[in-house]
Amino acid sequence: FLVHYRALIFPLLIREGKPTPFFTFLLALLFCVYNGYLQGRSLSNYAKYPSGWLKDPCFITGFIGWLIGMAINIHSDHILRNLRKPGETGYKIPRGGMFEYVSGANFFGEILEWFGFALACCTIESLAFALCTFFILGSRAKQHHQ
């Protein structure tokens, strides 16, 4: 959560784009801070794992899902950032990677990432975050597809 790709790394990679309204930025910041606190607190204070948890199939499957989701997310964002040449405007349909299978590959990657996290952690808080991610990004993916 300290080095969250979408919040810290992705904005530094964007060359140009629409400005984000301050209120939207503030709400996103508050959500990320609260969610990071909630996830960290639940994992450090309340979650109880057996000594062999890191070898458990549930953890391993979740970790692999998280890793694959993150790779899809990062690769899809790379494709999106390079759709237009400098100064070019207009809509372009992304091609390559997971965009060959789903129109919102970046959203799909992030949803997979957080469901993998939820499976690896097995906490109600991580599941709640995965479901929120699914509903919010799923609706955005539907809008983008249309």
Side-chain angles (χ1 to χ4, degrees), residues 1-50 53-54 56-84 86 89-146:
F1 286 102
L2 294 176
V3 187
H4 182 50
Y5 165 75
R6 178 70 57 193
L8 297 175
I9 299 169
F10 178 74
L12 299 174
L13 298 174
I14 298 173
R15 287 180 267 171
E16 294 178 24
K18 299 176 196 170
T20 302
F22 180 74
F23 187 67
T24 303
F25 165 77
L26 186 62
L27 287 177
L29 178 68
L30 290 174
F31 174 81
C32 288
V33 168
Y34 180 71
N35 183 56
Y37 169 78
L38 182 68
Q39 299 300 328
R41 178 103 173 157
S42 75
L43 290 172
S44 63
N45 289 9
Y46 302 109
K48 303 288 183 217
Y49 299 105
W53 179 247
L54 298 180
D56 188 277
C58 193
F59 174 81
I60 293 169
T61 304
F63 178 75
I64 291 170
W66 172 82
L67 198 59
I68 291 170
M70 180 185 271
I72 291 169
N73 190 7
I74 292 171
H75 184 254
S76 300
D77 283 342
H78 173 76
I79 291 171
L80 290 172
R81 279 194 316 274
N82 293 298
L83 273 177
R84 294 181 200 91
T89 60
Y91 182 77
K92 290 200 170 194
I93 297 175
R95 300 279 183 217
M98 284 300 293
F99 284 108
E100 298 301 318
Y101 305 101
V102 292
S103 57
N106 52 328
F107 300 129
F108 171 75
E110 190 152 351
I111 291 168
L112 178 60
E113 190 177 341
W114 295 117
F115 271 97
F117 175 77
L119 184 60
C121 295
C122 285
T123 64
I124 193 72
E125 294 84 2
S126 60
L127 178 60
F129 180 52
L131 288 170
C132 284
T133 301
F134 174 76
F135 289 118
I136 292 168
L137 295 185
S139 67
R140 289 186 64 201
K142 184 178 178 186
Q143 289 173 333
H144 283 243
H145 180 75
Q146 292 171 340

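The figures here come from the full heavy-atom set of this structure, side chains too, leaving out hydrogens, waters and symmetry mates.
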Student: To the nearest 0.5 Å, tell me how far Phe107 CZ sits from Asn73 CG.
Tutor: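 It is 9.5 Å, given to the nearest 0.5 Å.
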
Student: To the nearest 0.5 Å, what is the distance between CD1 (Ile74) and CD (Glu110)?
Tutor: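 Going from the CD1 atom of Ile74 to the CD atom of Glu110 covers 10.5 Å.
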
Student: To the closest 0.5 Å, what do you measure between CD1 (Ile68) and CE (Met98)?
Tutor: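 So the gap between those two atoms works out to 10.0 Å.
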
Student: Partners of Ser44 by side chain to side chain contact (heavy atoms under 4.5 Å, CB included), sequence neighbours excluded?
Tutor: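 In terms of side chain to side chain contact (heavy atoms under 4.5 Å, CB included), with neighbours along the sequence ignored, Ser44 is linked to no residue.
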
Student: Show the atom names and distances, to 0.1 Å, of all donor-acceptor pairs under 3.5 Å that link a side chain in residues 118-140 to residues at least two apart or in another chain.
Tutor:
residue: Thr123; atom: OG1; partner: Ser126; partner atom: N; Å: 3.1
residue: Thr123; atom: OG1; partner: Ser126; partner atom: OG; Å: 2.8
residue: Ser126; atom: OG; partner: Thr123; partner atom: N; Å: 3.4
residue: Ser126; atom: OG; partner: Thr123; partner atom: O; Å: 2.9
residue: Thr133; atom: OG1; partner: Phe129; partner atom: O; Å: 2.8
residue: Ser139; atom: OG; partner: Phe135; partner atom: O; Å: 3.3
residue: Ser139; atom: OG; partner: Ile136; partner atom: O; Å: 2.8

Student: Which is it for Phe23 and Leu27 under the side-chain contact (heavy atoms from CB on, under 4.5 Å) test, yes or no, and what are the steps along the way?
Tutor: CA-CA 6 Å; Phe23 187 67; Leu27 287 177; 3.3 Å; yes

Student: How far apart are the closest heavy atoms of Asn106 and Leu80, and which atoms are they?
Tutor: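 Scanning both residues, the minimum pair turns out to be ND2-CD1, 3.5 Å.
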
Student: Roughly how far, to the nearest 0.5 Å, is the CG atom of Asn35 from the CG atom of Leu30?
Tutor: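 Rounded to the nearest 0.5 Å, the CG-CG separation comes out at 12.5 Å.
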
Student: Among pairs that include at least one residue of residues 89-98, which meet salt bridge (charged side-chain N to carboxylate O under 4.0 Å, His left out), considering only residues two or more places apart or in two chains?
Tutor: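 Matches after skipping sequence neighbours: Glu88-Lys92.
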
Student: If the condition is side chain to side chain contact (heavy atoms under 4.5 Å, CB included), which residues does Ile79 pass it with, not counting sequence neighbours?
Tutor: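 Residues passing side chain to side chain contact (heavy atoms under 4.5 Å, CB included) with Ile79: His75, Pro94, Phe99.
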
Student: Hey, what do you get for OG (Ser103) to NE2 (His144), rounding to the nearest 0.5 Å?
Tutor: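 Spacing of OG (Ser103) from NE2 (His144) equals 9.5 Å.
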
Student: Can you list the residues that meet the ring-ring contact (aromatic ring centres under 6.0 Å, His included) rule with Tyr49, with sequence neighbours excluded?
Tutor: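 ring-ring contact (aromatic ring centres under 6.0 Å, His included) list for Tyr49, sorted by chain: Trp53.
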
Student: To the nearest 0.5 Å, what is the distance between CZ (Phe117) and CZ (Phe63)?
Tutor: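 The CZ atom of Phe117 sits 12.0 Å away from the CZ atom of Phe63.
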
Student: Search all heavy atoms of Glu113 against all heavy atoms of Met70 and return the closest pair with its distance.
Tutor: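 Closest heavy-atom pair between Glu113 and Met70: OE1-CA, 3.6 Å.
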
Student: Checking Tyr37 now: which residues fulfil ring-ring contact (aromatic ring centres under 6.0 Å, His included) with it, not counting sequence neighbours?
Tutor: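 Scan of Tyr37 (ring-ring contact (aromatic ring centres under 6.0 Å, His included), adjacent residues dropped) gives none.
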
Student: Where do Gln39 and Ser42 come nearest, in terms of heavy atoms and distance?
Tutor: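 Reported closest heavy-atom pair: O-OG, 3.0 Å.
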
